[in-house]
Amino acid sequence: MEEQQKKTANSASANDATPKVTGVGGIFFLSENPEETMAWYRKNLGLETNAYGSTFESRNVSRPEEINQLQWSPFKKGSDYFAPSKKDFMINYRVQNIQGLVNKLQQNGETILDEIQTFEYGKFVHILDSEGNKIELWEPTGSADEKATE
């Protein structure tokens with residue numbers, strides 16, 4: 001009986017399509033010299049870097065077969081990618097049901113900066129929080145998050 005309850009609970013969470021954040025997908029910040037910054041992190045902290053920064057992979061505790069990624073990226077100071085925010089950082093949140101989340105944000109009167117865009121690695125949209133920080137929302141392609149909304 002206990003085993004069946006666990007299976008039911010896991011199944012329910014796997015089918016949950018509630019629009020929400022499910023994790024952090026990226027940490028982005030401005031840097032005077034992104035290449036030197038990446039070299040410093042590579043030399044001193046052992047980060048494996050490429051032209052986009054560094055990608056960290058982890059397993060989803062609830063679904064160990066699922067591999068999640070977090071992208072760490074320095075951007076050249078002066079980049080307008082964080083605009084209209086005046087902050088030197090931006091956080092990317094991994095979400096499930098990005099369309100439902102955008103609908104909820106619109107109903108709450110929140111600022112949506114652009115339309116949902118789809119790329120081969122997922123869907124993205126940008127919003128502002130209550131302090132004017134730009135936030136990137138990302139629904140990964142092929143993730144359990146995305147499958148829960150299908």
Side-chain angles (χ1 to χ4, degrees), residues 10 12-150:
N10 287 341
S13 65
N15 294 324
D16 180 10
T18 304
K20 65 182 179 183
V21 168
T22 60
V24 176
I27 301 170
F28 310 133
F29 60 97
L30 296 177
S31 167
E32 293 291 338
N33 188 324
E35 292 77 20
E36 284 183 17
T37 300
M38 284 190 283
W40 187 93
Y41 277 86
R42 186 172 44 252
K43 175 183 175 186
N44 293 293
L45 299 180
L47 265 63
E48 291 183 29
T49 61
N50 59 33
Y52 304 105
S54 187
T55 304
F56 298 89
E57 292 186 339
S58 61
R59 297 242 178 225
N60 182 321
V61 174
S62 301
R63 296 181 297 273
E65 69 285 354
E66 180 182 315
I67 298 173
N68 293 319
Q69 296 179 330
L70 181 141
Q71 184 64 39
W72 172 93
S73 298
F75 282 73
K76 178 74 175 151
K77 198 159 208 100
S79 168
D80 63 356
Y81 192 64
F82 298 5
S85 176
K86 304 292 186 209
K87 303 293 173 79
D88 288 349
F89 68 90
M90 182 172 61
I91 298 175
N92 166 297
Y93 290 104
R94 189 173 44 254
V95 302
Q96 69 182 22
N97 190 354
I98 196 167
Q99 184 62 63
L101 189 52
V102 166
N103 293 345
K104 177 180 177 180
L105 291 164
Q106 288 171 329
Q107 290 170 2
N108 291 345
E110 300 303 330
T111 303
I112 314 298
L113 296 173
D114 47 22
E115 299 292 321
I116 295 172
Q117 294 185 328
T118 302
F119 299 92
E120 84 178 52
Y121 41 86
K123 298 175 183 176
F124 293 84
V125 70
H126 298 93
I127 66 170
L128 291 179
D129 73 8
S130 61
E131 292 195 4
N133 298 309
K134 187 174 180 181
I135 296 171
E136 186 171 70
L137 302 177
W138 168 49
E139 184 176 339
T141 299
S143 71
D145 297 337
E146 180 185 53
K147 290 175 184 162
T149 64
E150 291 177 348

Note to self: Looking at every heavy atom in both P74 and G53, which two are closest together, and how far apart are they?
What the structure shows: CD-CA, 4.4 Å

Check: Is the CZ atom of F56 crowded by more than 12 outside heavy atoms at less than 6.0 Å?
Finding: yes

Margin query: Under a 3.5 Å distance rule, please check whether D114 uses its side chain to pair with a backbone N or O of H126 as donor and acceptor.
Written below: yes

Check: Between the side chains of Q107 and N103, is a donor N or O closer than 3.5 angstrom to an acceptor N or O?
Finding: no

Check: For Y81, does its backbone N or O pair with a side-chain atom of S79 as donor and acceptor, under 3.5 Å?
Finding: yes

Item checked: From CD (Q99) to CD1 (I116), nearest 0.5 Å -> 4.0 Å

Item checked: From I127 atom CD1 to E110 atom CD, the distance as rounded to the nearest 0.5 Å -> 7.5 Å

Check: Are L105 and L137 close enough that some pair of their side-chain heavy atoms sits under 4.5 Å apart?
Finding: yes

Next item on the list: Hey, could you give me the CZ/CD1 distance between R59 and I67, rounded to the nearest 0.5 Å?
Entry: 4.0 Å

Item checked: NZ (K104) with more than 12 external heavy atoms under 6.0 Å -> no

Item checked: Interatomic distance, L70 atom CG to S54 atom OG [nearest 0.5 angstrom] -> 9.0 Å

Checklist line | Distance, nearest 0.5 Å, that separates CD of E120 from OG1 of T141 | finding: 8.0 Å

Notebook entry, point to check: Parallel under 30°, tilted from 30 to 60°, perpendicular over 60°: which one fits the rings of F119 and Y121?
Noted result: parallel

Item checked: Cation-pi, F28 ring and K134 (6.0 angstrom, 45 degrees) -> no

Item checked: Heavy-atom neighbours of E115 CD exceed 12 at 6.0 Å -> no

Check: Counting N and O atoms only, with roles assigned by atom type, does the side chain of E139 sit under 3.5 Å from a partner on the main chain of I98, one being a donor and the other an acceptor?
Finding: yes

Notebook entry, point to check: Side chains of K20 and Y93: does their closest heavy-atom pair fall under 4.5 Å?
Noted result: no

Check: Which atom names give the shortest non-hydrogen contact between D129 and E131, and what distance separates them?
Finding: OD1-N, 2.8 Å

Checklist line | F29 side chain near D88 side chain, heavy-atom distance below 4.5 Å | finding: no

Notebook entry, point to check: Which distance, rounded to the nearest 0.5 Å, do you find between the CG of L101 and the CD of Q96?
Noted result: 9.5 Å

Margin query: For a 4.5 angstrom cut-off between non-hydrogen side-chain atoms, does N68 reach P140?
Written below: no

Item checked: Heavy-atom closest contact (G122 atom, W138 atom, distance) -> CA-NE1, 3.9 Å

Next item on the list: Would you check, one step at a time, whether the test side chain to side chain contact (heavy atoms under 4.5 Å, CB included) holds for F82 with N133?
Entry: CA-CA 8 Å; F82 298 5; N133 298 309; over 6 Å; no

